[in-house]
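Written below as structure tokens is the structure these notes are about.
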Protein chains: 2
Amino acid sequence: MPLTDSPAKPHDHSLCIEDALGQARLICEQRNVRLTAIREQVLGLIWQSHKPIGAYDLLEQLAKTHHAAKPPTIYRALEFLQDNGLIHKIESQNAFLGCAHVGGHHHGQFLICTICGTAQEIDEKIVSSALENASQAHGFRIQSFVIEIKGLCATCQDL
Amino acid sequence: MPLTDSPAKPHDHSLCIEDALGQARLICEQRNVRLTAIREQVLGLIWQSHKPIGAYDLLEQLAKTHHAAKPPTIYRALEFLQDNGLIHKIESQNAFLGCAHVGGHHHGQFLICTICGTAQEIDEKIVSSALENASQAHGFRIQSFVIEIKGLCATCQDL
DNA sequence: GGCGGCAATGATATGATATAACAATATCAA
DNA sequence: TTGATATTGTTATATCATATCATTGCCGCC
Ligand SMILES: [Zn+2]
Ligand SMILES: [Zn+2]
Ligand SMILES: [Zn+2]
Ligand SMILES: [Zn+2]
């Protein structure tokens, strides 16, 4: 669960980062997979903000301290982090975001602000059950889904 | 409205194409925009099937009869068709699909079969109202959304 | 400790998707 | 006809992602 329920509001973001990295270490230990230095560094970079970040922006950051970093370096780390439920891809932006609900089985549901760029992950039963109902009505069996809602976050509405 | 309520089922698809092109001509006339030969041809190519098709696949098709076709040719046509509500982009596939509900104001909701590739556009109030409720609960005001549901269509479940 | 197998990373190249910028042409109303 | 605007042509480049093979690091086993 996220440390802040509304990432667009000011908050002590260093706690978000610490929490995310701590949880990631736990999860990886539980799953017996290796959260290597590169992978952890990339996860840390993704958690630098609550805005989805592109692979090449990550690469640029990573390359500052890791001279050998090339596109495959990043994409491999991203694949690992996705496979282990630590990040999500925002399909409509070709960008990546730290998962705010690590551990649970879920597909992403995102509220993405068109002004400040912040993406908030939510996990609303009403949404998933509506999808389930609508799909069933068409004889369709859900395996996964992409939900990306664009609009104005509470903070940016007040500007 | 679509001629078939379940595009994965066998049907006379030439009617889908005719209907889509006919509606497009009407809409463009109403809106006083020009459905040029290239644009109409691209729309026809998109409607060759109910599977989302990528820009470069379209380009390859178009180039058969239109030697001068280059990436901008396709992307301009795609932009026009999107702007006028005649096609949708499937974000998770970087591919394009004919709109099954031209005329009405709507964002897309898609059921995409992971076996046969068919994408069915739906427009379910229960989905949009669930999104609205969930967003409001987080103080978020919706402008648009991306809904792409992956799974098995009725036909492919029976295989 | 040394060996062998496998996971991870390095390195190079290329594929796939999308747009910028400017020139040439077509359309259409005045 | 002519000028304004939309469309298309053309070239180049930006952006996103993966294939392939070599090398290195990790770890259990002898
Ligand atoms: Zn934070
Ligand atoms: Zn905002
Ligand atoms: Zn059809
Ligand atoms: Zn199917």
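Every chain is numbered from 1 and lettered A, B, ... according to where its sequence line falls, protein lines coming before strand lines.
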What is the distance, rounded to the nearest whole Å, between atom [atom1] of [X] and atom [atom2] of [N]?
X: Ile53(A); N: dC16(D); atom1: CD1; atom2: P; value: 11 Å
X: Asp83(B); N: dT7(D); atom1: CG; atom2: C1'; value: 14 Å
X: Arg76(A); N: dC21(D); atom1: CZ; atom2: P; value: 13 Å
X: Ile38(B); N: dT8(D); atom1: CD1; atom2: P; value: 4 Å
X: Ile74(A); N: dT9(C); atom1: CD1; atom2: C1'; value: 13 Å
X: Glu79(B); N: dT8(D); atom1: CD; atom2: C1'; value: 14 Å
X: Glu91(B); N: dA18(C); atom1: CD; atom2: C1'; value: 13 Å
X: Leu59(A); N: dT18(D); atom1: CG; atom2: P; value: 15 Å

Phosphate OP1/OP2 of [N] contacted by [X] side-chain N/O (<4.0 Å):
X: His66(B); N: dT8(D); result: no
X: Lys70(A); N: dA19(D); result: no
X: Arg39(A); N: dT9(C); result: yes
X: Tyr56(B); N: dT17(C); result: no
X: Thr36(A); N: dA7(C); result: no
X: Asn94(B); N: dA16(C); result: no

- Establish, from distance only, whether the side-chain atoms of Lys89(A) and Ser92(B) form a donor-acceptor pair under 3.5 Å.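 There is no such pair (donor and acceptor under 3.5 Å, judged by atom type) between the side chains of Lys89(A) and Ser92(B).
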- Message: As a test of reading the structure: which of dC16(D), dG10(C), dA18(C) is closest to the side chain of Tyr75(A), going by heavy atoms?
- Response: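 Out of dC16(D), dG10(C), dA18(C), the nucleotide with an atom closest to Tyr75(A)'s side chain is dC16(D).
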- When you measure from the side chain of Pro72(B), which nucleotide among dA19(D), dA18(C), dT10(D) comes out closest?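 The nucleotide sitting nearest to the side chain is dT10(D).
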- Task: Could you go through the side-chain hydrogen bond (donor to acceptor under 3.5 Å, both in side chains) check for His13(A) and His50(A) one step at a time?
- Result: CA-CA 9 Å; His13(A) 185 60; His50(A) 291 280; 3.2 Å; yes
- Message: Does atom CD (Gln143(B)) have a neighbourhood of more than 12 heavy atoms from anything else shown, all under 6.0 Å?
- Response: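 Counting neighbours around CD of Gln143(B), more than 12 heavy atoms of other residues, nucleotides or ligands fall under 6.0 Å, so yes.
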- State whether the number of non-hydrogen atoms from other residues, nucleotides or ligands found under 6.0 Å of Glu60(B) atom CD is greater than 12.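 No, not enclosed.
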- Distance from Ile149(B) atom CD1 to His107(A) atom NE2, nearest 0.5 Å?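 Separation between the atoms: 10.5 Å.
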- Position toward the 5' end of DNA chain D (nearest nucleotide), Val33(B) or Asp57(A):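 Counting from the 5' end, the first nearest nucleotide belongs to Val33(B).
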- Donor-acceptor pair under 3.5 Å: do we get one between Arg34(A)'s side chain and the base of dG25(D)?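 In this structure, the two groups form no donor-acceptor pair.
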